[in-house]
There are 2 protein chains.
Amino acid sequence: MTVPVYLDCDTGVDDALALGHLLASPRADLVGIGTVHGNTDAAGAAENTLRLLTLAGRSDVPVAVGAASPLVGDFAGGAVAVHGTDGIGGLRGSLPRPACGPVMEDAADMLLRLSHRHPRELQILAVGPLTNLALALQRDPSLVTRVAGVTVMGGAALVPGNATAVAEANIVHDPEAAQITVTASWPLTLVPLDATMQQTLDESRRLRLCASGSAFARACGQMLDTYLDFYERVVLGRRAAALHDPLAAAVMLGEHRTVTAPRVPVEVDCTRGPCRGQTVCDLRSQRRVRGDVEGATVRVVQDTAPGYADLLVEMLDRV
Amino acid sequence: MTVPVYLDCDTGVDDALALGHLLASPRADLVGIGTVHGNTDAAGAAENTLRLLTLAGRSDVPVAVGAASPLVGDFAGGAVAVHGTDGIGGLRGSLPRPACGPVMEDAADMLLRLSHRHPRELQILAVGPLTNLALALQRDPSLVTRVAGVTVMGGAALVPGNATAVAEANIVHDPEAAQITVTASWPLTLVPLDATMQQTLDESRRLRLCASGSAFARACGQMLDTYLDFYERVVLGRRAAALHDPLAAAVMLGEHRTVTAPRVPVEVDCTRGPCRGQTVCDLRSQRRVRGDVEGATVRVVQDTAPGYADLLVEMLDRV
């Protein structure tokens, strides 16, 4: 049994890892990919994605370019220091040129179309800013009734942010879209930094990827070089990097176990103040009773089982 | 060696405990107390404080009534559910009537006067909304140069708030004053919920207070009955309460050890958005290197040694 998956991404080094996890998983049927501004520009993210799909021999998966800028304001210019100027650690030029380009519809329209083709079965995995999801909800609010689930890598509940003191990059790059997405009445799982910063891939595992029999895994190992440089210098002080986007893929597919993941009220700060882009997760209730808050639709993954890096390396080996 | 201490409070059950800690400490010379809106109204807080001082035989400590409302907006009406209608669990009527009332100056003026009398020696302990401190800074910005240190019970860094999902009561009751206070260039120690929620007093210790030889300690034991009711029902699901204000007193005096307390950039959300009143503590650097951030003036106490409740019970026994 596989589930149809729509991936929304801003490829991105860890987006590439998430793509790899999905391609390797026996549970996922990747039916479409939309790209969005974020780590790099939306068109560049599509090019990266198409090249990675070609490398994996999966040119059959359609890729749609999505929103070039957030609902409010302009594209921030990409996370060049983290992901390199091409978004994938300088590796774009050495990946195979795809036979054809992106499809002609935009990402939000692709998502709406796929929701009709797979009613109540489609799983959405969003690992970039949530502009495409918000646009799709604005174009057709009934989308919420046709989707089986939405999993978002984004936000920070009780840990520091990575873009500001309190905000995570995907959310702060389009807070208004995030607020529309997390307050829509569909079952949403948020995989924030609380969970993803705990799952790191170190240099030894990167070298295992570089020595893999899979060309896709080797490309991941190579592009992780830049990413680990950044994490060592700026984030962790050791040569290892957080597995944000692929962890969200694994959580969505039930391939990596969540430990603490209550459904609680969530909203996004859309002010111009110091908390802009913060995911405000109301976890006060958890002091008294751990568990879901009645009426809440957003599951906040605070912890997952240890050891996801090893699973990811195994998955990428199989692509 | 004692240090001159100005206490700013909204007495309040845990304010009473902080007062007791200060009165019992051989290190503190309590030279003045200002009251402020918060748990109860500023005038009621002064009456509670005067009665508690009388009970302790310390009517010599002057009490000044301070700000009745925050810099922006109105007094919120007090935390009746937490502290009772009189602020001290219904105990006001059974405490001795003070021989005289508050002094004629207001709390901000008292603080300024004390800063001149004890230049570079005065320690400020603020356990309510920070309106009086902000007013004093506005009246005379040179105050920052005459104060040895400021310790504030307030805020929440990486734990949920208690007034909103992200804001603690003292700060959310006057965010504008808090922002003025935490961005002033004086050495400030913030003792937020991160630390205080870890130090709880349970029913067995409350009963020890009720059986104490000290009338002050017995009064504390009695007023804690209401407080523990609230904590059991609403906050913790067990009969124990957080020792917010007295922990800040102990930290200020160096009588209870801090474990993690880096100096980091701090600002207060003063928007009208969902994060209003949040203390935004930029702890991102702590992922890489634990320790102080250069140029930061606010020390954020994230953890203290366990076992403060036992120390507090011993202190109150001595009042």
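What's counted below: heavy atoms across the whole structure, side chains too, no hydrogens, waters or symmetry copies. So that the names make sense, note that chain A is the first sequence line, chain B the second, and so on, each numbered from 1. Just so we're clear, the structure is a prediction, and the values are computed from it rather than from any experiment.
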Would you say the side chain of [Y] lies within less than 4.5 Å of the side chain of [X], judging by non-hydrogen atoms?
X	Y	answer
Cys275(B)	Val280(A)	yes
Gln278(B)	Asp269(A)	no
Pro160(A)	Leu158(B)	yes

* Asked: Roughly how far apart are Arg276(A) CZ and Thr271(B) OG1, rounded to 0.5 Å?
  ->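 Reported to 0.5 Å precision, the distance equals 11.5 Å.
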
* Asked: Passes side-chain contact (heavy atoms from CB on, under 4.5 Å), Arg287(A) versus Val159(B)? Steps please.
  -> CA-CA 10 Å; Arg287(A) 287 190 172 123; Val159(B) 299; 3.9 Å; yes

* To do: Please flag which part of Ala163(A) lies under 4.5 Å from any non-hydrogen atom of chain B: side chain, backbone, both or neither.
  => backbone

* Part of Val166(A) lying under 4.5 Å from any heavy atom of chain B ->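 For Val166(A), side-chain heavy atoms alone lie under 4.5 Å from chain B.
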
* Asked: Taking Leu283(B), Val264(B), Val289(B) one by one, which has the highest count of heavy-atom pairs under 4.5 Å against chain A?
  ->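 That would be Leu283(B).
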
* Specify which of Pro274(B), Gly273(B), Pro265(B) makes the most heavy-atom pairs with chain A at under 4.5 Å. => Pro274(B)

* Asked: So, does Arg288(B) use its side chain to make a donor-acceptor pair with the main chain of Val234(A) at under 3.5 Å?
  ->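 Yes, because the side chain of Arg288(B) sits within donor-acceptor range (under 3.5 Å) of the backbone of Val234(A).
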
